[in-house]
K.L.:
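Dumping the structure here so I can ask a few things about it.
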Amino acid sequence: MGTRGKKKRVAERQSARKTRPAVIGGMIAVVVGGAGFGVYALYGAGAAAEDGSSTSAADKKPSVPTGPVSATQVKAVATQFLTSWQTGRTAQAVAATNDTTKSATALLTGYTKDAHITGVTITPGTATGAKVPFTVKGTVTFGGTSKPLTYESALTVVRRTSDGKPLVDWHASVVHPDLADGDKLLTGESGTPPIKAVDRDGGELTLKKYPSLGTILDSLREKYGKKAGGKAGIELRVVRGTASKAAKSADKTLLELSKGTPGTVKTTLSPGLQAAAEAQVLKKPKSSVVLIRPSTGEVLAVANQSHGFNTAFQGSLAPGSTMKVITSSLLIEKELASPDKAHPCPKYSTYGGWKFQNDDEFEIKGGTFKASFARSCNTAFISQAKELDNDSLTKQAQQVFGLGMDNWAVGVSTFDGSVPVQSQAQMAASLIGQGGVRMNPLNMASVAATVESGVFRQPYLVSAEVDGRTLAKASRTMSASTLSQLRELMQYTAAYGTAAEAMAGLGPDYGAKTGSAEVDGQDKPNGWFTAYRGDLAGAGVVVQGGHGGSTAGPIVAALLKAGS
């Protein structure tokens, strides 16, 4: 392994001499026989395998090369890997990677055996440093039916730590960008029949009409495909592995060879509000929003500007000051605060060794708790930490708002919020939606809905009657006095506080709370907004958007207005 500098020409150079080459895109392309693959002699007239300066054979302990791989090394390694892959020489392809788990062998073998992809040609693009993009073209054949397959992927060349040898940094995504490590490709009768998802009025929900519903439609199919009475078709799909980082996501269809017969699944989505939500999230990068009906728990709209992950339902983000809705209900119950009672809002407040401050270090002298809530004063809440038990906020979130127990049955995969028991500074930080607290727009829309209706009703996208699911319940409700005071806080904030600009013209039967959650490594905080108006409640987040009142606020407010 320590001897370097010996040049070895790739095998395709020998095959190339037997056939007159054609020049395609500046590269010499040669089609050769074997395994039904079309082969390109990558990077022109063959590439030499080299990794820099040579080492004398007399050296007993040659130094391990370090530093970036050279352009020549990148070409050589990419050539070996891609050419071996497309000609079906799995062992040689794996040898060009740093895989030590045999996952590369399994995935590359399954590419032909399980995915039934043949006639493959791979065309590399221009390398950017150690990264080489490439295009894969092939044919998927199963049960006498064939369809062409084309997609783009990329590989990165790195040095192996032990000896500095340049190798392809192995991940399943090299073979296909939709694969996570642990996943596999499979062609055959679909694991679940297709579905026709429809809105509350019976109209079909399609990706063309509602682009951000992709992950939800996949999840609906996985859960209801076999129950909805459809018949499976033939498809190439990603099968999620148990060890995959995407294990909680639904299997994904990449290519449909023959259509099955879909069963129908009815959702609670409103076509008009869903269209409005789709339009709103396009206005802000990395934005997500959810709108629900407090009196029933029905999800009326859900949209994400980034379509690859359903942040609205599955995100796990610090909710910032929107968490103060839950914290305020706790403080009111424990008689530690009430709207018109004087309440401290100093510039700073220290607890557990941490010094907390307000945005721009503001203070409110001689103010009320209502003023602190409306202006989102952090220290007004931190100052009460000493009066609380470590599990006080956790119990309040679970018992009153139904959060953090991982028992919601929405009809698709969701993250149900987390308010862990913490101590010292972390407990204090939880009171203002930092520390270990994690939420998403679905969770925070539910919080606003609980305040509006007075009782927690678990949000749902598919009626429980469809499959006999048991919806989550909260163990208790707020007293009439606590509820009235909490509504007063949110109404005042919507009318005169940080939410006033976004909620202008929507009163008086309304309430809102803004939030900005600081995240390490981000220049701007995540902007949050949760609000209700009549029998509608919504919440949104704009990742790295800044203050919630001006980022997520207009998105949520627009849906509240559209639903009126």
Side-chain angles (χ1 to χ4, degrees), residues 142-143 145 147 186-240 248-279 289-293 295-304 307 309-310 312-314 408-414 442 445 457-472 559 562-563:
F142 189 89
T145 302
K147 272 197 174 181
L186 182 67
T187 297
E189 186 174 284
S190 60
T192 53
I195 63 163
K196 177 184 177 182
V198 299
D199 60 39
R200 63 191 304 108
D201 297 333
E204 186 173 3
L205 299 169
T206 65
L207 278 178
K208 183 177 181 180
K209 192 171 184 179
Y210 308 113
S212 72
L213 289 183
T215 55
I216 289 177
L217 294 176
D218 288 341
S219 192
L220 286 171
R221 177 181 176 178
E222 182 179 48
K223 186 171 182 63
Y224 296 103
K226 293 180 180 179
K227 301 174 184 178
K231 180 181 178 182
I234 304 298
E235 64 185 21
L236 167 65
R237 66 184 184 276
V238 173
V239 178
R240 304 297 181 190
K248 292 185 178 181
S249 300
D251 291 353
K252 182 171 185 177
T253 300
L254 300 179
L255 183 68
E256 191 176 59
L257 277 73
S258 64
K259 290 184 176 294
T261 303
T264 299
V265 178
K266 187 175 183 179
T267 72
T268 59
L269 294 177
S270 159
L273 291 175
Q274 181 60 34
E278 297 274 355
V289 69
V290 172
L291 189 71
I292 63 181
R293 191 176 297 287
S295 62
T296 61
E298 296 169 285
V299 176
L300 302 176
V302 50
N304 301 279
H307 302 158
F309 179 70
N310 186 10
F313 278 11
Q314 295 178 290
W408 287 15
V410 175
V412 294
S413 299
T414 61
L442 177 66
R457 292 185 177 89
Q458 185 223 283
Y460 63 89
L461 184 69
V462 177
S463 171
E465 296 177 359
V466 171
D467 53 352
R469 301 187 324 279
T470 299
L471 302 186
L559 294 188

K.L.:
Mind checking what makes side-chain hydrogen bond (donor to acceptor under 3.5 Å, both in side chains) contact with Lys259, not counting sequence neighbours?
P.N.:
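Testing Lys259 for side-chain hydrogen bond (donor to acceptor under 3.5 Å, both in side chains), a comparison that skips the adjacent residues, returns Glu256.
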K.L.:
Quick one about Thr253 and Arg221 (side-chain donor to acceptor, distance below 3.5 Å, no hydrogens or angles considered), yes or no?
P.N.:
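Distance-only check passes for Arg221 and Thr253.
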K.L.:
I need the minimum non-hydrogen distance between Trp408 and Ala472, along with the two atoms involved.
P.N.:
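Closest approach of Trp408 to Ala472, heavy atoms only: CD1-CB, 3.8 Å.
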K.L.:
Evaluate the side-chain proximity of Thr215 to His307: yes if any heavy-atom separation is below 4.5 Å, no if none is.
P.N.:
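Answer no - side chains too far apart.
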K.L.:
Look at atom NZ of Lys209 and say whether more than 12 heavy atoms of other residues, nucleotides or ligands are closer to it than 6.0 Å.
P.N.:
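Open: at most 12 neighbouring heavy atoms sit under 6.0 Å from NZ of Lys209.
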K.L.:
Just so I know, are the side chains of Asp467 and Lys223 near enough to count as touching, which here means a heavy-atom distance under 4.5 Å?
P.N.:
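Result yes, sub-4.5 Å side-chain heavy-atom pair found.
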K.L.:
Any side-chain heavy atom of Leu442 sitting closer than 4.5 Å to one from Val299?
P.N.:
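Side chain of Leu442 against side chain of Val299, heavy atoms only: contact under 4.5 Å found.
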K.L.:
Give, for atom CD of Glu189 and atom CD1 of Ile234, the distance between the pair rounded to the nearest 0.5 Å.
P.N.:
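Glu189 atom CD to Ile234 atom CD1 measures 5.5 Å (nearest 0.5 Å).
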K.L.:
Answer yes or no: is there a donor N or O on one side and an acceptor on the other, between the side chain of Asp199 and the main chain of Asp201, under 3.5 Å?
P.N.:
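Yes, Asp199 side chain to Asp201 backbone: donor-acceptor pair under 3.5 Å.
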K.L.:
I'd like to check Phe313 versus Val290 (side-chain heavy atoms, cut-off strictly below 4.5 Å). Are they in contact?
P.N.:
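Phe313 vs Val290: side chains touch.
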K.L.:
In Å and rounded to the nearest 0.5 Å, what is the CG to CG distance from Leu461 to Leu220?
P.N.:
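If I round to the nearest 0.5 Å, the distance is 5.5 Å.
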K.L.:
Would you say NZ of Lys226 has more than 12 non-hydrogen atoms from neighbouring residues, nucleotides or ligands within 6.0 angstrom?
P.N.:
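Not more than 12 within 6.0 Å, no.
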K.L.:
Taking all non-hydrogen atoms of both residues into account, name the closest pair between Gly188 and Arg237 and its distance.
P.N.:
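Looking at all heavy atoms of both residues, the closest pair is O-NH1, 4.1 Å.
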K.L.:
Say you draw a straight line from OG1 of Thr268 to CD of Gln274; how long is it, rounded to the nearest 0.5 Å?
P.N.:
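Rounded to the nearest 0.5 Å, the OG1-CD separation comes out at 10.0 Å.
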K.L.:
For Ser212 versus Asn304, what's the shortest heavy-atom pair and its separation?
P.N.:
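For Ser212 versus Asn304, the nearest heavy atoms are CB-O, 3.2 Å.
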K.L.:
Kindly say whether Leu300 contributes a backbone atom to a donor-acceptor pair with the side chain of Ser270 at under 3.5 angstrom?
P.N.:
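No; judged by distance alone, with no hydrogens or angles, the pair does not exist.
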K.L.:
For residues Lys252 and Arg240, determine if any side-chain heavy atom of one lies less than 4.5 Å from a side-chain heavy atom of the other.
P.N.:
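Side chain of Lys252 against side chain of Arg240, heavy atoms only: contact under 4.5 Å found.
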K.L.:
Check for a donor-acceptor pair, side chain of Asn310 on one end and backbone N or O of Gln314 on the other, with a separation under 3.5 Å.
P.N.:
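No.
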K.L.:
Report yes if the side chains of Val302 and Leu213 come closer than 4.5 Å at any heavy-atom pair, otherwise no.
P.N.:
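Counting from C-beta outward, Val302 and Leu213 do come under 4.5 Å.
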K.L.:
In Å and rounded to the nearest 0.5 Å, what is the CD1 to CG distance from Ile292 to Leu273?
P.N.:
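Those atoms lie 13.0 Å apart.
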K.L.:
If you measure from CG on Leu205 to OG1 on Thr267, what distance do you get to the nearest 0.5 Å?
P.N.:
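Result: 4.5 Å between the selected atoms.
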K.L.:
Taking the side chain as C-beta and beyond, is there a heavy-atom pair between Lys266 and Thr264 under 4.5 Å?
P.N.:
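They are not in side-chain contact.
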K.L.:
Do Val410 and Arg469 come within less than 4.5 Å of each other through their side chains, counting heavy atoms only?
P.N.:
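A side-chain contact is absent here, since even the closest heavy-atom pair is not under 4.5 Å.
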